[in-house]
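For the numbers below, each heavy atom of this structure counts, side chains included, while hydrogens, waters and symmetry mates do not. Within every chain, numbering begins at 1; the chains are lettered A, B, ... in the order of the sequence lines, protein sequences first and strands thereafter.
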Amino acid sequence: MTRPRSPLGKDLIGLEELSAHQIRTILDTAEPFKEISERRIKKVPVLRGNTIVNLFMEPSTRTRVSFEFAEKRLGADTVNIASSGSSVQKGETLVDTARNLEAMRIDMVVIRHPSSGAARFLAERIPSNVINAGDGSHEHPTQALLDILTIRDHRPELEGLKVCIVGDILHSRVARSNIFGLLKLGGEVGVCGPMTLLPPGLESLGVKVFRRIEEAIEWADVLNVLRLQLERMQGGFVPSLREYNRFYGVTTPRLKRARQNILVLHPGPMNRGVEIDSDVADGPQSVILRQVTNGVAVRMAVLYLLAGGSPERAEAAKQGQGEVA
Amino acid sequence: MSEAKVLLRGGRVVDPEQRLDGELDVLLADGRVARLGENLPAPEDGEVVDCRGLVVTPGLVDVHVHLREPGGERKETIASGARAAAAGGFTSICAMPNTDPVIDSPATVGFVAAAGRAAAMARVYPVGALSIGQEGERLTEIGELVGAGAVGITDDGRPVMDSGLMRMALEYSQAFDIPVADHPEDLGLSRGGAMNEGVVSARMGLRGKPNASEDVHILRDLLVAEHTGGHIHIQHVSTRRGVEAIRAAKARGVRVTAEATPHHLLLTDEAVEGYRTDAKMNPPLRSAADREAVVTGLLDGTLDVLATDHAPHHYDEKEQAFDDAPFGVVGLETALGLLLTHFVHSGRIDFSTLVERMSRAPARAFRLAGGDLREGGPGDVTLVDPDVEWIVDPERFESRSRNTPFGGWELKGRAVRTIVGGRTVWSTGGGG
């Protein structure tokens, strides 16, 4: 059975491959889905009969749970496969995993994998829709989409908006997806972090690089503060957490130099007192919990669109009128 | 060894050693080049090969191939690799020692040499490990390895990180008149990189190996070679600063030879787009400026040797996420066609320079017989049809592996017959 054509194509691998129009379509489609999560009975039958596998080959709680809620609230049947105890740990290759999933006739795969390019690798080998839930240091498109949706909730005009991503850009798929997405929507993107954690050639992508956090904060309308992975210390990229906080931490004294209505985002999970101080995370500029709520809506929108749902009918779909497949 | 006489009649003979480039007949007898001349009489007891329209060159030599045997026979064997070499026009190849076990003893060197003789295709010359187990700690018994047939030493696959060990290798090896070959890479700088460090790696979220990781190691090798007077052979140069450093070292008399590979001459890191594991090799494909510097180095002789770094891998190893796939591409069966198409036919180098880089210089660098068509030398000859058009089809490779970024490329020119010791070991007519 062929599925209806999706406005996104077969898969969602990254924001680099999407047009501005496609990104806006996802964001706009997420709007009506926000409301479902506010209901007492949080379920519509949009994806009834669809089977979705959440294939998480790297530890994740937040993203996996968010996808699972999105899938269940749309009425899909879901199976979670985590790397520990799975055949993946027994040496099965990604291509064999893909073939086995395909043999079970599933409709969609949500994949998280430690290697960059793994989501595309899977997408090229199976006819099911593939959603990238984070591949290595490459992209994490739904995270960036929920970040952008959250920004848009507070700053409807993204054109010319200055967003600075702070922290470990080198290893961050969240940073890459945000950079690609925001630039396509006309935003300005800056990054700030220790030089050891900035990849080369960012300027040629159109990104402004800040060496000092103070300058970044003065420049930005929005700060997206990345988690500092603790293993970066073993890698020698930063000498200590204390030093990181001292020179790159987003703290209340530093925010005093920011414009008054600056927004602070964090994709989580936070290291309080390292990349972000608690009084900032819990303060008035923080929209961190809004991100989490929006995450479910964005993922519902992506699932709905990939399954062939039309953006115009999302409102009707959430009223329970219309299954897509 | 007495082989039937063969008269190669009417071809264009290109032999830089004798500064020959013109129509001549070549008579092979007793496995050797017996005579060169015009209108040689057909031998009574032999074959006459009509070479009109063909180029007759000394057999091609590739000083950098991985044959994977022992230990990696599903990727390649000595026999399949020697056959792939013959199919690509190569009559001599040097087998790298990074097998399992490592070729670090006279017995294992002898095994490779014997298996090469048994294959009876291209000549297979073992290169021994520089350090025991390629662990970078203690020198192998270099004299014993040479006695068993090794023509050089290297820890290829791994760089020699300990400068003191490199010094000793470059000193000790001089008694045996062999080159010390090194894979130049500072592992501290390349730190787990999977491709070139640059804009492409930044976009794709892959870890990069910066140019500097190769540059500092090349400079180190050159300085240690200069200090010791030993012969350093720098493998697969891929960076512009690396080429510059070698050029400068040659100008001041350092004993250095160096390789360029077809892939570094023709591709940049953009070939990795789409996470194409067939474009994953080490050193990685680099920027356009680096590629152009490697081309210039090949043209002006800074990089005197064309070598393929033929590195076969089984398809299921390459069919993985990029980080998980091994480094390496096969090269024996595409090198000549690529060079003819993109350098000779395009007018960037003449045929004689091509033969210099693919036959004479590599033979001299590793002190191998051949590399020219002098009377009395080995009867190793490659017959090249410079004009035949063909499309690279990895499914038709003689190699056991298919990992090439050149599949589907349209090429002009290839070897049509490969003669080793006066005996045709391979021809487009179907085997030898």
Option in Pro200(A), Gly201(A), Gly235(A) with maximal non-hydrogen atom pairs under 4.5 Å from chain B: Pro200(A)

Best-contacting candidate, Val95(A), Leu202(A), Leu198(A), against chain B by heavy atom pairs under 4.5 angstrom: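 Highest number of pairs under 4.5 Å: Val95(A).
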
Candidate pair Ile151(A) and Val163(A), rule side-chain contact (heavy atoms from CB on, under 4.5 Å), full reasoning: CA-CA 9 Å; Ile151(A) 295 169; Val163(A) 180; 4.3 Å; yes

Sequence-distant partners of Pro101(B), side-chain contact (heavy atoms from CB on, under 4.5 Å), two or more places apart: Pro70(B), Thr108(B)

Check: Arg227(A) and Pro267(A) side chains under 4.5 Å, non-hydrogen atoms: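 Not in contact.
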
Side chain proximity check, Leu8(A) to Asn129(A), heavy atoms < 4.5 angstrom: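 The answer is no; the side chains never approach within 4.5 Å.
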
side-chain contact (heavy atoms from CB on, under 4.5 Å) assessment of Val272(B) paired with Phe322(B): CA-CA 9 Å; Val272(B) 178; Phe322(B) 197 85; 3.5 Å; yes

Verdict with reasoning, Phe237(A) to Leu170(A), per side-chain contact (heavy atoms from CB on, under 4.5 Å): CA-CA 10 Å; Phe237(A) 293 96; Leu170(A) 180 64; 4.0 Å; yes

Lys162(A) atom NZ, over 12 foreign heavy atoms within 6.0 Å: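 It does: Lys162(A) NZ has more than 12 such atoms within range.
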
To see if you've got the definition right, give the donor-acceptor pairs under 3.5 angstrom between chain A and chain B.
| from | atom 1 | to | atom 2 | distance (Å) |
| --- | --- | --- | --- | --- |
| Glu16(A) | OE2 | Arg203(B) | NE | 2.7 |
| Ser115(A) | OG | Asp324(B) | OD2 | 3.3 |
| Ser116(A) | OG | Gly205(B) | O | 2.5 |
| Arg125(A) | NE | Glu319(B) | OE2 | 2.7 |
| His138(A) | ND1 | Tyr275(B) | OH | 3.2 |
| His138(A) | NE2 | Tyr275(B) | OH | 3.1 |
| Arg176(A) | NE | Ala202(B) | O | 2.5 |
| Arg176(A) | NH2 | Ala202(B) | O | 3.3 |
| Gly235(A) | O | Arg191(B) | NH1 | 3.1 |
| Gly235(A) | O | Arg191(B) | NH2 | 3.4 |

Among Ala194(B), Ala321(B), Pro210(B), residue most engaged with chain A (heavy-atom pairs, under 4.5 Å): Ala321(B)

